[in-house]
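Side chains are part of it too, since the values below use all heavy atoms of this structure and drop only hydrogens, waters and symmetry mates. When a ligand or atom number is given, it counts from 1 through the structure's own listing order. Small disclaimer: the values here were computed from a predicted structure and weren't measured.
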Amino acid sequence: MESKGSEKIISEINTLKKEKNAIILAHYYQTGDIQDIADFVGDSLALSQKAASNNADIILFAGVKFMAETAKILAPDKKVLLPDMNAGCSLSDSCKAIDFKKFINENPGRTVVTYVNTSAEVKALSDIICTSSNAVQIVESLPIEEKIIFAPDRNLGNYVLNKTGRDILVWNGTCHVHEEFSLEAILKLKDQNPEAKIIVHPECELPVRMVADFIGSTSALLQFTKNDKGNSYIVGTEPGIIHQMKKENPGKNYIPAPPRDSTCGCSECSFMKLITLEKIVNCLKNEKPEIFLDKDILLKARKPILRMMEISEKLGL
Ligand code: 13P
Ligand code: SF4
């Protein structure tokens, strides 16, 4: 049940959305109350696709900065709002444009495949973007002889390398949520719940991926729990996704995989969780904070994103 306070905020948000022809796009790692008021909830790929095709004047992004920037790049004429500009991403921060440019120059002749979890400046240095939903297919779409740089997530990069067998030089970045899962705690949970399947995001470290029954992007994990005949899952990604899993299949059991060191027992993305209903209503009211990008960077970053979207569309992803 919603509290009186949040009922009032939700009704205010709905009125402002109508008045301003605004839509709210939310990532699966947002809290359940935010996912429930969003016009669209999805993974990074689906959110980019939605940002590129909608009739709104304003897009409010309930997610992190690289996602809102991607929306701005794909919809440059729209106003794109992010309720808290501190909602960054530790993975994106692990790859600064200045260092990445140097890395590319030191390894010439390689096609630069960059994960969407990067700044607009890093995207502008890339040949093609991917998300966790399409990383394997994007790499496979390149000619077999092409040598590749993959950045910034070393776990996703190594996952793609193993799946494709391509010549990939992987940048050494990680996400603070996914690198922190404890293999020991996951195996202990599996001991206590032998029927539970271990399902994890490809940003997890290799030992965790090795014990998984299924590896996939947030939307692939959701799809798996929807279609699978099993009833219980140890979920190795940010626990916000469990809200949608419960909505799709309330009868099943979802156990958040624990991090190595935590007081709450689950592994939340501190950046994603900076967004709140209160910040959303204020952001819609004031139409700020707003995403602004340098025009040159925006145009340079747009090309590799569009290249990804064309391939995804062709493959029906
Ligand atoms: P997805 O594209 O799978 O939703 O992942 C986004 C993300 O930030 C993972 O940490
Ligand atoms: Fe970035 Fe990790 Fe948070 Fe995803 S979960 S937004 S990769 S910090």
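No side-chain donor-acceptor contact under 3.5 Å links His201 and Thr218. Side-chain atoms of Asn253 and Ser232 form a donor-acceptor pair, as typed in the model, at a separation below 3.5 Å. Under the 3.5 Å distance criterion, with hydrogens and angles disregarded, a donor-acceptor pair is assigned to the side chains of Thr111 and Glu146. Side-chain polar atoms of Tyr233 and Glu195 form no donor-acceptor pair below 3.5 angstrom.
The distance from atom 1 (Fe) of ligand 2 to the nearest N/O/S atom of Cys89 is under 2.8 Å. The nearest N, O or S atom of Cys175 is closer to atom 2 (Fe) of ligand 2 than 2.8 Å.
Within the 4.0 Å heavy-atom criterion, neither part of Tyr28 lies near ligand 1. Residue contacts with ligand 1, taken as heavy atom pairs separated by less than 4.0 Å, do not involve Glu238 at all. When heavy-atom distances to ligand 2 are checked against a 4.0 Å cut-off, Glu203 comes that close only through its side chain, counted from C-beta outward.
Between Leu45 and Ser133 the shortest heavy-atom distance is CD2-CB, 4.0 Å. Nearest heavy-atom pair across Ala62 and Ile280 is CB-CD1, 4.4 Å.
Checked against the 6.0 Å centroid criterion, the rings of Trp171 and Phe100 qualify as a close aromatic pair. Taking the six-membered ring for Trp, His176 and Phe271 have ring centres closer than 6.0 Å.
The protein heavy atom nearest to atom 7 (S) of ligand 2 is Asn117 ND2, 3.2 Å. The protein heavy atom nearest to atom 6 (C) of ligand 1 is Ser44 OG, 3.4 Å. Nearest protein heavy-atom contact of atom 5 (O) of ligand 1 is His201 NE2, 3.4 Å. Of all protein heavy atoms, the one lying nearest to atom 3 (Fe) of ligand 2 is Cys269 SG, 2.4 Å.
At a 4.0 Å cut-off, at least one heavy atom of His27 sits close enough to ligand 1 to count as contact. Residue contacts with ligand 2 leave out Glu238, since none of its heavy atoms falls under 4.0 Å from the ligand.
Within ligand 2, counting atoms from 1 as listed, the ones closer than 4.0 Å to a heavy atom of Ser90 are 8 (S). Short contacts between ligand 1 and His178, defined as distances under 4.0 Å to a heavy atom of the residue, involve ligand atoms 10 (O). Within ligand 2, the atoms closer than 4.0 Å to a non-hydrogen atom of His176 are 8 (S), numbered from 1 in the order shown. The Glu203 neighbourhood of ligand 1 comprises atoms 7 (C), 9 (C), 10 (O), with distances under 4.0 Å to a heavy atom of that residue.
Within a 6.0 Å radius of CE in Met85, other residues, nucleotides and ligands contribute more than 12 heavy atoms. Residue-environment remark: NZ (Lys279) exceeds the threshold of 12 foreign heavy atoms within 6.0 Å.
The N/O atoms of Ser219, backbone and side chain alike, include none that comes under 3.5 Å of an N/O atom in ligand 1.
Between Ile128 and the choices Ile311, Val112, Thr114, the side chain to side chain contact (heavy atoms under 4.5 Å, CB included) rule is met once, by Ile311.
Relative to atom 1 (P) of ligand 1, the option among Ser217, Ser132, Cys130, Gly42 with the closest non-hydrogen atom is Ser132. When the heavy-atom distances from atom 8 (O) of ligand 1 to Thr218, Asn117, Asp153, Thr131 are ranked, the shortest goes to Asn117.
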